[in-house]
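Each remark here refers to the structure printed beneath this line.
For this chain, numbers begin at 1 and follow the sequence in order.
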Amino acid sequence: MNISAVIPAYNAEHYIEKAVLSIVRQTEPVHEIIIVDDGSTDQTVNIVNKLQEKYNYIKLYQQTNAGASAARNNGISKAIGEWVLLLDADDECNVTLIEQYKEKINGGKYAAIYSGFIQIDEAGHKISDAISGRELLGQTGFCQMFLRNPIISPSASIILKSAFYQLDGFDTTIKYVEDVDFWLRILLSGMNIGYVSQPLSYIRRHTNNTTANIESTRQGERRLLDKFGLPLLQKIIYERDNTIENNHLDYIDFLIRYEKWQEAQRLLDTVKIEKTDNKYQSYIFTTALVALHFENFSVAEELYSQMIKQNETHGAALNNIGVLFAMNGQLTEARNVMQQAFQYYPEYLDAKHNIEQLAVENPIYRFTKRELRKNLLRYS
């Protein structure tokens, strides 16, 4: 099979060569490497020109600055391969990435494939444990992805070009989460996204990966919620081959995201999850979150205490009960549990923020509204 690599690049002079060489050195070669320069004002183009002198299958296209997804669309439209590997200009990939993706492609029917990944710093040093994902199959995968997106970046994923055209590519009107929108549309159409568990992608964190991206991502998620709509999400959730209790719990999650708290409370009152169920902690966490919204703080504190007794490393429960302690004037207790959360999750931004707020005259604390991933992302 022919595989084309597409790299969108904007002011990537510090990293573009490393990105390109990580593809050049693959144990299974790609057919071509397409670099789309998105209006860079630094030395990116000059560096690519020098690489072209050595590797004649590198192709460079230039466009007026329009964003990474527009550059991806442009590059894919020029690709010869039936599969297209995407790589961001500041990231790298393992030398066996293409080899392992080919094995995965031959073993199933997928419209896209991604892998586990490791976060690296400016110098390429590992700064996180491997962050894993999961296989996403059709509309069941659509729900799973909407509830907690496992594909952190489109970088180092591979896409079947015919599926890309079928879905009209990346929607450039959606900022910050246009890749998530694309994956959701793949799954909603009934196609599958495969997963390779080895961490084959190296996502670089540097000074441009600021914490401001968190708020941008939240705004992007809001746009996706508005685009797909609660009725569609409800329909797909309840069509799943799952227990009614688990379907209710997932639907309540969406009701909360749409800020339909009264409806969430009414439905939650009908849900009974047994302690032996793997959804039990999520059920308690959701119940506590609803209690917080309605300012039933004593109920929320009791629920978080229950969670911590069962799992002393539950970061979100530790953080949230710490905020409740702080609101009640129990600053020592608040600091202890917040620091415990931060110790278990050194990248936990809410816990870090709240610890700092303990010394502020008029503090603004942050409750965490979702359970934490096993490994948290870094933003710089």
Are there over 12 heavy-atom neighbours, none belonging to K104, within less than 6.0 Å of that residue's NZ? yes
Measuring only between side-chain heavy atoms, which start at C-beta, is E92 closer than 4.5 Å to L87? no
Taking the side chain from N65 and the backbone from D38, do they hold a donor-acceptor pair closer than 3.5 Å? yes
Rounded to the nearest 0.5 Å, the OG1 atom of T332 sits from the CZ atom of R335 at a distance of 8.0 Å
Taking D37's backbone N and O only, do any of them form a donor-acceptor pair with Q62's side chain (distance below 3.5 Å, no angle check)? no
Basic-acidic side-chain contact under 4.0 Å: R370, D253: no
Less than 6.0 angstrom separating the ring centers of F170 and F182, yes or no? yes
Presence of salt bridge, E28 and K102, under 4.0 angstrom: yes
More than 12 heavy atoms from other groups under 6.0 Å of NZ on K352: no
Taking transitive links into account, so neighbours of neighbours count too, which hydrophobic residues share a cluster with Y202 at under 4.5 Å side-chain distance? I118, I120
Donor-acceptor list for residues 319-328 side chains, cut-off 3.5 Å, not counting sequence neighbours:
residue	atom	partner	partner atom	Å
N319	OD1	N354	ND2	2.7
N319	ND2	R366	O	3.1
N319	ND2	T368	OG1	3.3
N320	OD1	T368	N	2.8
N320	ND2	Y304	OH	3.0
N320	ND2	T368	O	2.9
N328	ND2	Q330	OE1	3.0

Measure from the ring center of Y258 to the ring center of F254 and say whether it is less than 6.0 Å. no
What donor-acceptor contacts under 3.5 angstrom involve side-chain atoms of residues 286-298, with partners at least two apart or in another chain?
residue	atom	partner	partner atom	Å
T286	OG1	S282	O	2.8
T287	OG1	Y283	O	2.8

Using a 3.5 Å distance criterion without hydrogens, assess whether the side chain of H353 forms a donor-acceptor pair with backbone atoms of I364. yes
